[in-house]
Amino acid sequence: MVDKRLGLALGALLMSAVLAGAMDTKVDYKPLKITGVQEFGQIQSGMLISTPYQPMSAEWLDHFGSFLTQEAKVNERLLIQIGLGGTFQNGKPERVDEKFGGSQYKMFFIGPTIAKATVLFGEDRAKPAFSIGGGIFPFKYNSQAVNLGEYLFRTGAYPTYIMNGGLLMIGDNAAYLQGYHAAARLGNLDLDLLMTTETGMPPLYDWSLAALANYRIMDGAIEVGAGVNFKRILQVDPKRTVVDSAANSYFTRNGRHYVGDPSYYQEQFNFYDFKITNAKSPTSDTIGFGAKRDAAKAAADSVASWIDPVTRTVPGASKFTPAGPIFMAKAGVDFKKLFGIETKSPKDMILYGEWALLGWENFPVYYEKRTDRMPIMFGFNLPTFGLLNLFALQGEHFSSPFQNNSYSLGGSNYATPWYPNGTTKEFSEKEYNDLSTKDDWAWSVLVQRSFYRSFTLSGQIARDHLRTVGTDWFYGSRLEPTEDLHKISDWYWAFQLAWSI
């Protein structure tokens, strides 16, 4: 699948050629960078939500990528960056049929890795005081976050979800943005302003405005930063962003809040009814289920009766929207610089963390507590005494009451969480959808070692927000809408060999 944004890369290249040919210019080309990466690993336990739900045990993963990057400066003022690359892998689940039982669906992802033109201002061209540019580019504001974190551009508020990684399991830790970027470097203070268009998560093409600040203290021994991303502040087609549908609505009747989707309540009824019907005898787990079953059935019937048969909406209902601000704060302490400790690796002994609030406004039923939308990441780079370049430990706490899932947004443009069938035992055991309480903690361990300046060997074990490339999904990078690891006990391991010249 060739990325449509390849045209932007070719356009930027053409622009640089026109500038070089039309003016008396000096073009300084940096050496062409060629990078390759081969990684493989195994999901020890997990689950795909593809119907039917498919548990994964010792599921093998194998990826290959290759990338070319060229940079050039025109008259020391215009920086042109062009990158092209791609990855190859097999999608999940591995589809087979009667005729081709040993075959798998192969997937190629080819497109620009960067296509950006930036105008530089200031006397020091290596570290310009101000710059402004645009195109397609990776953006990373938390330099220590090797896997988890980077919430400002890898999350959504409504529905609430977190992404990490992408087409690779290791090292894919930056957000890839399309739009415009202005940056100012004022001594120890770094400022960034970004206006980006949505190209990955439906509804597409809405514009977001983000601002970030980072400040270094004691020669970088301590760093603090903060930012805000006003997601979808400009909506290209408001009817696509805020869908007028009963399933995407909420309202109040008789002093009680409801959502306009009867199925939300019906699936709860199905769970409690199934538990009661199939219980051999009353137990501590089923006592009280009768009242919950009756309440869920009453809510489902009431909501269904309030839906206008002509408009298919509930009169007077408000609609959920995926638009809303995301806030971020981060901090880091480099104990080497703080206490004057010398080590062979500049990444050793750094403690760091990041906090985010995914959406300020609360909404009835689905999004009632801000604390349910607050991921907190923390990490520490252990000292390796020169044996490794990096030994990074990361952890995260995120207590959303729903699955980390973007299915409703990707499938229908609904800003609502995904919820499971009530009789699907993989998602509901003692209470309806209680699987969502078993993924509150994520963790990651990464080790890296470089050889001969051109090779880097990495190993990672993690229970993070891994999404494999799916064969049923057609938005973003065609990743699964939900993470593959649903419990803290689910995990994977991976090795990667990367080389560059």
Side-chain angles (χ1 to χ4, degrees), residues 47-54 158-161 243-279 282-283 285-320 322 363-369 372 400-439 472 481-482 486:
M47 180 171 57
L48 295 172
I49 71 161
S50 304
T51 305
Y53 304 114
Q54 300 186 32
Y158 319 109
T160 308
Y161 66 86
V243 179
D244 188 10
S245 169
N248 190 53
S249 69
Y250 61 93
F251 56 92
T252 303
R253 289 288 189 277
N254 303 319
R256 178 182 171 182
H257 298 304
Y258 295 88
V259 293
D261 186 0
S263 297
Y264 173 68
Y265 303 102
Q266 183 64 43
E267 293 303 340
Q268 296 178 47
F269 165 81
N270 292 341
F271 168 77
Y272 295 119
D273 186 64
F274 178 82
K275 281 292 189 179
I276 293 172
T277 303
N278 291 274
T283 66
D285 291 336
T286 59
I287 293 175
F289 278 4
K292 294 180 179 181
R293 177 187 61 180
D294 295 343
K297 183 61 175 175
D301 292 344
S302 295
V303 171
S305 69
W306 291 327
I307 296 176
D308 188 300
V310 178
T311 64
R312 304 303 303 164
T313 61
V314 178
S318 300
K319 295 176 283 293
F320 291 105
F363 294 100
V365 183
Y366 293 147
Y367 312 110
E368 294 184 325
K369 298 179 181 179
D372 291 339
S400 173
F402 294 98
Q403 295 289 314
N404 184 8
N405 190 301
S406 60
Y407 181 83
S408 299
L409 195 61
S412 306
N413 288 5
Y414 294 164
T416 59
W418 177 87
Y419 54 85
N421 296 328
T423 55
T424 304
K425 62 181 181 179
E426 289 88 352
F427 290 92
S428 305
E429 185 179 0
K430 294 182 178 180
E431 286 286 347
Y432 175 70
N433 196 27
D434 58 3
L435 181 64
S436 62
T437 66
K438 300 177 181 179
D439 64 351
D472 295 329
T482 189
H486 299 266

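Residues take their numbers from the sequence shown, with the count starting at 1. What's counted below: heavy atoms across the whole structure, side chains too, no hydrogens, waters or symmetry copies. Source: prediction; values computed, not measured.
Atom CG of N405 is separated from atom OG1 of T160 by 11.0 Å, given to the nearest 0.5 angstrom. Here the straight-line distance linking atom CZ of F427 with atom NZ of K438 works out to 12.0 Å at 0.5 Å rounding. Taking CG from D294 and CZ from F269, the interatomic distance works out to 8.0 Å, rounded to the nearest 0.5 Å. Distance check, rounded to the nearest 0.5 Å: OG1 of T424 to CD1 of I49 gives 11.0 Å. Taken to the nearest 0.5 Å, the OH atom of Y53 stands 8.0 Å off from the CD atom of E426.
Considering only heavy atoms from C-beta on, P401 stays 4.5 Å or farther from Y366 through its side chain. Between H486 and Q403 the shortest side-chain heavy-atom distance falls below 4.5 Å. By the 4.5 Å heavy-atom criterion applied to side chains, T482 and W418 are not counted as neighbours. Annotation: side chain of R253 is in contact with side chain of V314 (closest heavy-atom distance under 4.5 Å). Inter-residue side-chain proximity for P420 and L435 is flagged as unmet; no heavy-atom pair is nearer than 4.5 Å. At least one side-chain heavy atom of F402 sits under 4.5 Å from a side-chain heavy atom of N433.
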Verdict with supporting geometry, Q266 and F271, side chain to side chain contact (heavy atoms under 4.5 Å, CB included): CA-CA 9 Å; Q266 183 64 43; F271 168 77; over 6 Å; no
Let's go through Y419 and S263 carefully: what are the C-alpha distance in whole Å and the side-chain angles of both, what is the deciding distance for side chain to side chain contact (heavy atoms under 4.5 Å, CB included) to 0.1 Å, and is it a yes or a no? CA-CA 9 Å; Y419 54 85; S263 297; 3.2 Å; yes
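Using a distance-only test at 3.5 Å, with no hydrogens or angles considered, a donor-acceptor pair links the side chain of Y265 to the main chain of V259. E368 places a side-chain N or O within 3.5 Å of a backbone atom of V365 that can act as its donor or acceptor partner. For K275 (side chain) and E429 (main-chain N/O), a donor-acceptor pair under 3.5 Å exists by modelled atom type. Panel note: side chain D308, backbone T311; a donor-acceptor pair is recorded below 3.5 Å. Between the side chain of T277 and the backbone N or O of F274 there is no donor-acceptor pair closer than 3.5 Å.
The shortest non-hydrogen separation linking S436 to D439 is O-OD1, 2.7 Å. For the residue pair G422 and E267, the shortest heavy atom distance occurs at N-OE1, 2.7 Å. Considering every non-hydrogen atom in both P159 and Y161, the closest pair reads O-CD2, 3.3 Å.
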Side chains of residues 243-252: which donor-acceptor partners sit under 3.5 Å, not counting sequence neighbours?
from: S245; atom 1: OG; to: A247; atom 2: N; distance (Å): 3.3
from: S245; atom 1: OG; to: Y414; atom 2: OH; distance (Å): 3.1
from: N248; atom 1: OD1; to: A415; atom 2: N; distance (Å): 2.9
from: N248; atom 1: ND2; to: V243; atom 2: O; distance (Å): 3.0
from: N248; atom 1: ND2; to: F320; atom 2: O; distance (Å): 3.0
from: S249; atom 1: OG; to: A246; atom 2: O; distance (Å): 2.7
from: T252; atom 1: OG1; to: H257; atom 2: ND1; distance (Å): 2.9

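For K425, there are no salt bridge (charged side-chain N to carboxylate O under 4.0 Å, His left out) partners two or more places apart in sequence or in a different chain. Remark: D301 pairs with K297 by the salt bridge (charged side-chain N to carboxylate O under 4.0 Å, His left out) rule, at least two apart or across chains.
At most 12 non-hydrogen atoms from other residues, nucleotides or ligands lie less than 6.0 angstrom from NZ of K369.
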